Amino acid sequence: MTEPNPDVHDALSRTGAALLRNVEIGRGLSLAEWRNRDNRARYDRPDHHTLSLYLEGGEGVVREDGAVSGGGPDKLCLLPAGHESRWLIGGPLRMLHLYVAPETLAYQAVSALDVDPRVISLRELTFAEDPATAMLMRGAVLPLDWAAGADRMALGSACHLLLHALLRRHAGRGARAVTGGLAPAIRRRIADLIEARLAEALSLEVLADEAGLSTFHFAKMFKASFGVPPHRYVTERRIARAKALLAEGRTSLAEIALTCGFASQSHFTRRFAQATGLTPAAWRGAA
């Protein structure tokens, strides 16, 4: 079996497409704006999802592996992780890409929509019409200064709205019973326990005991049910709690760090910046 290309970004770079700007929004989430013309591109099983919006041009683009044409401004392509496709790019175009790690989408399915990530799969779309998503990408993502700290919170919020749109409008749900994860009642109990004890130094042993499983089996079944490993899920919930406290504006950064279970204010600042691209103080200033 051949190795997949690392990502769509690298595949496009190799064709000579011009990268106009790009930014990482946080773990597993990034944006890129491209220009391209009279070219060919091939994507071989990238390990991330790609949502693409044509901003200008695209009428001369053909998806060669399916002999599909019909591109143009505001047309969407959705390329799930692991897909394969070949593209003939006739004429000029400008496009906006959102790159999403499968774990990031899975976490959003659980945390925002309370959907078991094992039952969803993104539909592959080529030159689709989705005016609401196109409007969100053009109106809430494109005009922002991606390099400005003042716009980072708005940019992150817009990208998470796009994730919710993908899950609601372009994710199919399997009818089969899911296996290999935690039972629904245990899954809910574990989620509630984490939420109630975010200020504590939660260990894998504590969570596994609550589920009545060994740490090995619990970690494996947790990821199947929540889409991410336990430590990642706990960190994401702590960041979410911290965002809410920062928005209220009444609690000091040191108190927020303790309330959300971080070892120190510097540890909190480091983790928060990794997740959002902003320090907690900058996030509060932009709120």
Side-chain angles (χ1 to χ4, degrees), residues 1-22 29-102 104-106 109 119-142 159 161-175:
M1 181 179 293
T2 59
E3 289 295 317
N5 286 333
D7 51 41
V8 169
H9 185 287
D10 284 358
L12 274 175
S13 295
R14 285 195 289 271
T15 72
L19 178 63
L20 303 181
R21 56 177 176 164
N22 69 323
L29 197 60
S30 60
L31 289 163
E33 185 179 350
W34 297 90
R35 281 194 185 278
N36 206 352
R37 67 173 303 145
D38 302 325
N39 214 329
R40 273 189 161 86
R42 178 178 186 138
Y43 307 138
D44 292 317
R45 297 179 293 111
D47 59 4
H48 59 80
H49 310 305
T50 302
L51 176 65
S52 175
L53 175 70
Y54 288 91
L55 301 171
E56 298 171 1
E59 294 89 348
V61 176
V62 177
R63 181 167 174 173
E64 293 184 297
D65 56 301
V68 181
S69 59
D74 289 336
K75 292 294 182 73
L76 285 174
C77 294
L78 179 56
L79 309 174
H83 90 286
E84 297 181 12
S85 58
R86 301 191 311 276
W87 303 81
L88 173 64
I89 302 158
L93 63 82
R94 184 166 65 98
M95 58 188 174
L96 177 61
H97 278 183
L98 174 70
Y99 305 121
V100 186
T104 298
L105 191 70
V119 305
I120 63 170
S121 60
L122 286 184
R123 302 185 185 96
E124 192 169 312
L125 302 174
T126 304
F127 308 137
E129 299 275 2
D130 184 346
T133 300
M135 185 181 301
L136 181 58
M137 294 179 79
R138 277 191 180 274
V141 174
L142 200 63
C159 287
L161 287 175
L162 283 172
L163 295 186
H164 299 169
L166 289 181
L167 288 166
R168 290 184 183 279
R169 293 201 285 273
H170 302 303
R173 301 197 186 181

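Keep in mind it's a predicted model, so treat the numbers as computed, not measured.
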Main-chain N/O of Gly90 paired with Asp38 side-chain donor or acceptor, under 3.5 Å: no
Plane angle bin for Phe127 and Trp87 - parallel if under 30°, tilted between 30 and 60°, otherwise perpendicular: perpendicular
Check: Asp74 and Arg138 side chains under 4.5 Å, non-hydrogen atoms: yes
Heavy-atom pair with the smallest gap, counting every atom of Cys159 and Leu29: CB-CD2, 3.9 Å
Derivation and outcome, side chain to side chain contact (heavy atoms under 4.5 Å, CB included), residues Thr133 and Leu51: CA-CA 10 Å; Thr133 300; Leu51 176 65; 4.1 Å; yes
Distance, nearest 0.5 Å, that separates OG of Ser69 from CZ of Arg63: 13.0 Å
Minimum heavy-atom distance between Arg169 and Ala132, given as atom pair plus value: NH2-CB, 3.7 Å
Residue pair Pro73 / Glu59: nearest heavy atoms and the distance that separates them: CD-OE2, 3.5 Å
Derivation and outcome, side chain to side chain contact (heavy atoms under 4.5 Å, CB included), residues Trp34 and His9: CA-CA 10 Å; Trp34 297 90; His9 185 287; 3.6 Å; yes
Heavy-atom pair of closest approach, residues Asp47 and Pro102: O-CD, 3.3 Å
Rounded distance (nearest 0.5 Å) linking atom CG of Leu105 with atom NE2 of His164: 9.5 Å
Close side-chain approach of Leu76 to Met137, heavy-atom, < 4.5 Å: yes
Minimum-distance pair of heavy atoms, taken over all atoms of Ala17 and Asn39: N-ND2, 4.4 Å
Val61 vs Tyr54, side chain to side chain contact (heavy atoms under 4.5 Å, CB included): CA-CA, chis, key distance, verdict: CA-CA 10 Å; Val61 176; Tyr54 288 91; 3.6 Å; yes
Separation between CG of Leu162 and CG of Leu136, rounded to the nearest 0.5 Å: 4.0 Å
Main-chain N/O of Arg40 paired with Arg86 side-chain donor or acceptor, under 3.5 Å: no
Distance, nearest 0.5 Å, that separates CG of Leu12 from NE2 of His97: 6.0 Å
Derivation of the side chain to side chain contact (heavy atoms under 4.5 Å, CB included) call for Asp65 and Glu84: CA-CA 9 Å; Asp65 56 301; Glu84 297 181 12; over 6 Å; no
Atom pair CE (Met95) and NZ (Lys75), whose distance is rounded to the nearest 0.5 Å: 15.5 Å
Parallel, tilted or perpendicular: rings of Tyr99 and His48 (30°, 60°): perpendicular
Gap separating the OG atom of Ser30 from the CG atom of Leu98, nearest 0.5 angstrom: 7.0 Å
Among Leu31, Leu55, Leu53, the one residue meeting side chain to side chain contact (heavy atoms under 4.5 Å, CB included) with Leu142: Leu55
Arg168 CZ: over 12 foreign heavy atoms closer than 6.0 Å: no
